[in-house]
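In what follows, every heavy atom counts, from backbone to side chain, and hydrogens, waters and symmetry copies are set aside. First listed ligand is number 1; within each ligand, the first listed atom is number 1.
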Amino acid sequence: MSSIYEKYEPVIGLEVHAQMKTKTKAFCGCPADFHAPPNSNVCPVCLGHPGVLPVLNKELIDFAIRMGLATKCSIRENTLFARKNYFYPDLSKGYQITQFETPLCYDGLVNIRLKDRSVKRIGITRIHIEEDAGKSIHDFSDDDTLVDFNRCGVPLIEIVSEPDMNSSDEAHRYLYKIRQILVYLGINDGNLEEGSMRCDANISVRLKGDSKLGTRTEIKNLNSFKNVVDAIEAEIKRQADLIEAGEKVSYHTMTYNAKDKTTSHTRSKEEAHDYRYFPEPDLVRLHVSSEQIEKVREILPEPPDERSERFIFQYSLTETEAEEITSEKPLADFFESIVDQLKKKDDKTFKTSANIFRVDVKRVLNEEKIDISTFHLSPAVLANLADSVSEGTISASASREVFTELLAAKDASEQSKLFGELENKYRQVSGESEIEEIVKSVLSENKDEVERYKSGEKKLAGFFVGKVMQASKGKANPKIVNELLIKNLEVKL
Ligand code: ADP
Ligand code: MG
Ligand code: ZN
């Protein structure tokens, strides 16, 4: 951005709505799966027929507490539900049940890693439970709008951050972290594009150095990482331009138009902000006991940051390695299943396992565009490979070949049998006399390079190592190759 924007500091707070993967909806027994044929998962309760009574889903409370614990929130013992009243064609009930003054979880935090690798703490103001509305479908025909009530009553949690982010990049990293935690906990499928996560971005700008917050605007319903970043950028620019022109930013809800990358005010009708909240008369106060909270804590899957810390400590991985491997739970699970099956559980073998995983396995996942659940080599055979490299039976470079050849084997037993054969085929040659023979023949076949080396072109050392490794089909122990090359080249000086 050019200089006029540089004097402004953006301030951003995000509200993330995440659909919970409970079996049933928030207040009735309908399946929570809204992918079913339109209007098939509905009943008088979620359609809001007169006289029906909601019954709170216990699994939903547990899921919300999971997110609260994973983000270090306090959990409120007594919660009141509230009715949020508004009219919308896809909300047949005329209100949503939500939590207003007493969110279930409050005062938490997540840590995000910034571009310069420093860690920034983002406060979580609150996490509360609410129900989703239905869905209006406008693009089915030009003249009609259709409505699907399957989503009515689908459980959501809303995660509200403190205004702690200061760039679109930080907002992106925060959203990524929230999604990562939700998916790790098994309570959300992390799919922004399909709407199982939605994000509202609150943005203000102020002069750098000012401590008072500027007036915010709120961009509703962003449904991809790219749109979150682009919308925030556009809004920062719009607000700074307004102030530069001597005008004031006033509170509005905004929509983002991805086509021309601009933000604009929503129609004022939708902005009528009086939801007339009042305590939901059909539900009693929710009491969460400390025993219930402890029960959730006991079965809480290890959140990604904790797992990454543990990997650094337990397997002596670097921060980068640990973060990469724990970026998704199935990847971390697969890696741990390799190290669990190692014969030698020492730092060197852990490191070798990490290399095989990050280089070889990841390459196949990328090339074949598959995820780890359909990767067909067993963790057991990869553990054998890591053990073998770490013991020096096969060299690190031959390990690449073994890995590639292993890919041809189908099931685990075929893989383990083939591994035995490949280990023999690629067994590292460490016998000095055998290697020296190869070294000598390489030197005599490359007399020109030897001369150039001797007259000072020391970088040719790499060329000779390559030739020897090639001639040994990757089996020569590189350390011994180096020693013997130096010995044979220097001797004739
Ligand atoms: P509402 O429902 O009116 O949007 P919430 O409390 O749910 O209110 O959300 C407010 C969000 O706006 C929070 O994420 C908060 O961090 C953020 N926010 C509040 N003030 C500012 C500000 N001046 N600039 C940017 N973000 C802000
Ligand atoms: Mg809001
Ligand atoms: Zn229902």
Side-chain angles (χ1 to χ4, degrees), residues 8-17 22-34 36 39-49 52-57 82 84 86 92-93 96-101 103 106-110 122-128 130-134 148-168 170-171 174-175 178 198-207 210-222 228 231-232 235-236 239 248-254 266 270-275 277:
Y8 293 100
E9 176 185 54
V11 174
I12 300 154
L14 296 187
E15 296 163 66
V16 178
H17 293 89
T22 52
K23 286 182 273 312
T24 55
K25 292 187 180 180
F27 302 107
C28 64
C30 293
D33 170 23
F34 62 93
N39 298 309
S40 60
N41 286 341
V42 290
C43 74
V45 175
C46 52
L47 289 174
H49 287 203
V52 295
L53 288 173
V55 178
L56 177 60
N57 180 342
K84 179 181 182 180
Y86 62 99
S92 52
K93 226 155 77 163
Q96 276 174 296
I97 302 177
T98 179
Q99 296 177 329
F100 187 50
E101 282 153 338
Y106 59 99
D107 277 357
L109 64 95
V110 295
I122 309 292
I124 303 285
T125 317
R126 55 188 280 157
I127 301 176
H128 68 253
E130 61 183 30
E131 57 178 335
D132 213 341
D148 179 5
F149 290 115
N150 280 350
R151 209 174 64 181
C152 280
V154 165
L156 303 176
I157 57 172
E158 178 172 342
I159 305 151
V160 181
S161 85
E162 289 290 297
D164 283 347
M165 287 155 273
N166 299 107
S167 68
S168 58
E170 289 182 8
Y174 166 80
L175 188 59
I178 291 294
R198 298 190 293 272
C199 178
D200 301 341
N202 296 270
I203 297 148
S204 63
V205 300
R206 61 182 170 193
L207 286 174
D210 271 7
S211 56
K212 210 168 142 274
L213 291 176
T215 303
R216 69 171 162 133
T217 59
E218 182 173 359
I219 314 172
K220 291 284 191 185
N221 271 322
L222 297 166
V228 169
I232 290 174
E235 182 59 14
I236 294 171
Q239 292 187 12
K248 275 201 173 127
V249 176
S250 52
Y251 174 82
H252 278 286
T253 58
M254 316 283 291
T266 45
E270 285 177 30
E271 269 187 66
H273 234 320
D274 191 357
Y275 291 121
Y277 284 100

Q: List the atom of P103, the atom of I127, and the distance in Å for their closest heavy-atom pair.
A: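 Closest approach of P103 to I127: CB-O, 3.8 Å.
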Output yes when a side-chain donor or acceptor of [X] lies under 3.5 Å from a complementary backbone atom of [Y], and no otherwise.
| X | Y | result |
| --- | --- | --- |
| N39 | F149 | yes |
| N202 | E218 | no |
| N41 | N150 | no |
| R126 | F100 | yes |
| T266 | T253 | yes |

Q. Counting heavy atoms only, which of E15, M165, H128 is nearest atom 2 (O) of ligand 1?
A.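 Checking each option, the heavy atom nearest atom 2 (O) of ligand 1 is found in E15.
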Q: Would you indicate which of N202, T217, D164 comes nearest to atom 26 (N) of ligand 1 when only heavy atoms are counted?
A: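 Comparing heavy atoms across N202, T217, D164, the nearest one to atom 26 (N) of ligand 1 lies in N202.
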**Q.** Pairing of E131 and K93 as salt bridge, 4.0 angstrom limit
**A.**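 Between K93 and E131 there is a salt bridge, with a charged N closer than 4.0 Å to a carboxylate O.
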I'd like to check which ligand 1 atoms, numbered from 1 as shown, lie under 4.0 Å from a non-hydrogen atom of [X].
| X | result |
| --- | --- |
| E218 | 4 (O) |
| G13 | 14 (O), 16 (O), 26 (N) |
| L213 | 23 (N) |
| G214 | 23 (N) |
| E162 | 16 (O) |
| V11 | 24 (N), 25 (C) |

Q) Does the cation-pi check pass for K84 over Y277, that is, NZ or CZ under 6.0 Å from the six-membered ring centre and within 45° of its axis? A)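 No.
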**Q.** Distance-only polar pair, side chains of S204 and Q239, donor-acceptor under 3.5 Å
**A.**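 Checked: S204/Q239 side chains show no N/O donor-acceptor pair below 3.5 Å.
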**Q.** Side-chain donor-acceptor contact under 3.5 Å, E162 with T125
**A.**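 There is such a pair between these side chains.
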Q.
For D200, which part has a heavy atom under 4.0 Å from ligand 1: side chain, backbone, both, or neither?
A.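 Neither; nothing of D200 gets under 4.0 Å from ligand 1.
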Q) Side chain, backbone, both or neither: which part of V160 comes within less than 4.0 Å of ligand 1 when only heavy atoms are counted? A)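 For V160, only side-chain atoms sit under 4.0 Å from ligand 1.
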Q.
Within 2.8 Å of the Zn ion (ligand 3), is there any N, O or S atom belonging to C30?
A.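 It does: C30 brings an N, O or S atom closer than 2.8 Å to the Zn ion (ligand 3).
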If you measure every N/O of [X] against every N/O of ligand 1, is any gap under 3.5 Å?
| X | answer |
| --- | --- |
| P163 | yes |
| S161 | yes |
| T125 | no |
| Y251 | no |
| T215 | no |
| I12 | no |

Q: Take the Zn ion (ligand 3) as the vertex and measure to SG of C43 and SG of C46; round to 10°.
A: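 Computed angle, vertex at the Zn ion (ligand 3), rounded to 10 degrees: 110°.
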Q | Gap separating the CZ atom of R206 from the OG atom of S211, nearest 0.5 angstrom | A |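 Rounded to the nearest 0.5 Å, the CZ-OG separation comes to 7.0 Å.
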